[in-house]
Amino acid sequence: MSDTTNQSNDTQAQKGPIIPKSPSEALRPERVPEPPKRSKNARSQIVLFLNFIMTMTVLVCVLAVIGFYYATSTYQSPGPLQTNTNFIVRNGAGLAEIASNLERNAIISDARIFRYLTATHLSAGESLKAGEYEIKARASMSDIMELLKSGKSILYSVSFPEGLTVRQMFDRMLQDPVLEGDLPAALPAEGSLRPDTYKFSRGTKRSEIIEQMAAAQQKLVDQIWDKRDASLPLRSKEEFVTLASIVEKETGIPDERAHVASVFLNRLGKGMRLQSDPTIIYGLFGGEGKPADRPIYQSDLKRDTPYNTYVIKGLPPTPIANPGKDALEAVANPWKSQDLYFVADGTGGHVFAATLDEHNANVKRWRKLEADKGSDPNIAVDGQPEEQPGDNGAAVVPPKKKKIN
């Protein structure tokens, strides 16, 4: 027997006797021995730390995704505001201040969400603009951001009719409850502010409106002056604006302005005094204007003021009001007429005449209309006097009361 057979017998002998198995036991799987336990020394601290970092990273990412979804959903969802309201963003306010004020006024639900997500929507150089805004009910943070970024704030307006003096315009600005800031101590030159309607947002300074008015009037005067009739007997833009202010105060009917302008220009050409009633008023009361209950007396026609065109020759030293576009254009391109007189026609307008006889006939017609209405017959003519001007250009006016509206 070989050595191999002996070794096999020895191994079998060591295992013990062979025990026969039934067929079912033979088919039953043998139990697999458990793997040996890992040694504690095999557990690396670096591996444990890396496992912790990976776990925390995954957790943070999950939380970030959830938080971002919540924030963006809140940013786009309707807000808590129940009714429309006005919201003011002051000049110089930063995003944090705006967000805090929105939350404080219950316009948004979370200032932090508005602040941080709005910052992501603003490109370099963009910001939320100052002003007063109307926030609609249930407006989302996204809607509010777009509104404040657009600068489409609530606009107010202040209107200045043609023919107001600078002082009267300043009084209107002082009475406006939305405009802010003081007016300049020194008044701008008469005639230098453009009559118009100016729109502005809350927080606008009164000085800003004045700057707009001055710039607009300067631009308008320059444009119309450049297109004037070359035959005008006016030497400067200052004289141009002065005569336009007189035309502005003489009539409020647009179709008459160019005709009235022709009368005054014809008078200037003949060396006649203008004898314009509004210049008397400005000479007496300045920019404050005539009190409504104060009539113009015959003695006022003789007052020696720089503006009394019944006394002085030519134009007064400055405009007597701020003329509008129509009056400026009327003087720049007047009617071509020979008329030297005009008088009220009883309907709010005037009737014009080239000769004194025609003018006197018009005056008689006007007086009859006034008498039929029961007016005081001693009220003088609203326009040039009935008498022919003398050699010095002055008219001889009967001693009666003069009333001008």
Side-chain angles (χ1 to χ4, degrees), residues 160-172 186-196 210 213-214 216-218 220-221 224-225 232-254 256-265 267-268 272-292 294-297 300-332 334 342 344 350 382-385 393 402-405:
F160 304 98
E162 294 85 351
L164 292 183
T165 65
V166 170
R167 170 54 63 189
Q168 290 167 337
M169 287 179 166
F170 272 32
D171 289 342
R172 287 200 172 210
L187 293 177
E190 199 71 82
S192 65
L193 303 181
R194 179 171 181 176
D196 205 343
I210 295 171
M213 297 170 71
Q217 185 74 336
Q218 183 64 57
L220 179 66
V221 169
I224 297 177
W225 175 255
L232 287 181
L234 301 173
R235 296 170 295 180
S236 66
K237 283 186 283 189
E238 288 72 24
E239 290 186 350
F240 167 56
V241 175
T242 297
L243 183 55
S245 71
I246 297 174
V247 172
E248 186 72 74
K249 298 297 289 184
E250 282 285 2
T251 180
I253 299 178
E256 280 192 351
R257 290 193 178 103
H259 203 165
V260 170
S262 74
V263 170
F264 286 129
L265 289 167
R267 282 180 159 256
L268 288 174
M272 298 170 63
R273 289 186 172 89
L274 295 184
Q275 296 178 323
S276 170
D277 297 336
T279 64
I280 297 175
I281 296 173
Y282 193 86
L284 293 174
F285 304 103
E288 300 292 340
K290 182 180 74 68
R294 202 294 199 178
I296 300 299
Y297 298 100
D300 293 330
L301 303 182
K302 302 176 182 178
R303 292 285 188 91
D304 188 11
T305 74
Y307 291 88
N308 187 352
T309 54
Y310 279 82
V311 175
I312 67 169
K313 288 186 177 181
L315 294 165
T318 71
I320 61 172
N322 291 281
K325 180 180 179 181
D326 290 344
L328 289 165
E329 289 183 337
V331 173
F342 58 85
H350 297 84
D382 182 14
Q384 284 71 37
K402 177 95 170 174
K403 179 185 285 185
I404 301 174
N405 294 327

Restricting to pairs with a member in residues 315-324, which pass salt bridge (Lys or Arg N to Asp or Glu O under 4.0 Å), not counting sequence neighbours? none

Kindly give the heavy-atom pair with the smallest separation between [X] and [Y], and that separation in Å.
X: Pro233; Y: Glu239; value: O-OE1, 4.5 Å
X: Pro317; Y: Pro306; value: CD-O, 3.2 Å
X: Arg172; Y: Pro161; value: NH1-CD, 3.5 Å
X: Ser245; Y: Ile320; value: OG-N, 3.1 Å
X: Val241; Y: Pro319; value: CG1-CG, 3.8 Å

[X] side chain to [Y] main-chain N or O, any donor-acceptor pair under 3.5 Å?
X: Asp196; Y: Phe160; result: no
X: Thr251; Y: Arg257; result: no
X: Gln217; Y: Pro323; result: yes
X: Asn322; Y: Leu193; result: yes

Value rounded to 0.5 Å, distance of [atom1] in [X] from [atom2] in [Y]:
X: Thr165; Y: Phe170; atom1: OG1; atom2: CZ; answer: 10.0 Å
X: Arg273; Y: Ile312; atom1: CZ; atom2: CD1; answer: 9.0 Å
X: Leu315; Y: Thr309; atom1: CG; atom2: OG1; answer: 9.0 Å
X: Gln168; Y: Glu288; atom1: CD; atom2: CD; answer: 8.0 Å
X: Thr279; Y: Lys249; atom1: OG1; atom2: NZ; answer: 12.0 Å
X: Leu234; Y: Phe240; atom1: CG; atom2: CZ; answer: 8.0 Å

List the atom pairs, with distances to 0.1 Å, where a side-chain N or O of residues 324-332 and a protein N or O form a donor-acceptor pair under 3.5 Å, not counting sequence neighbours.
none

Do Thr318 and Glu190 pair up side chain to side chain, a donor and an acceptor below 3.5 Å, judged on atom types alone? no

Taking atom types as modelled, find out whether Thr305 and Tyr282 have a side-chain donor-acceptor pair closer than 3.5 angstrom. no

Hey, are Asp300 and Arg294 close enough for a salt bridge, meaning a charged N less than 4.0 Å from a carboxylate O? yes

Set out, in order, the CA-CA distance, both residues' side-chain angles and the distance that settles side-chain contact (heavy atoms from CB on, under 4.5 Å) for Leu265 and Leu243, then state yes or no. CA-CA 9 Å; Leu265 289 167; Leu243 183 55; 3.5 Å; yes

Contact check, side chains of [X] and [Y], non-hydrogen atoms, under 4.5 Å:
X: Phe342; Y: Glu256; value: no
X: Pro291; Y: Phe285; value: yes
X: His350; Y: His259; value: no

Evaluate the criterion side-chain contact (heavy atoms from CB on, under 4.5 Å) for residue pair Leu284 and Lys290; output intermediate values, then yes/no. CA-CA 8 Å; Leu284 293 174; Lys290 182 180 74 68; over 6 Å; no

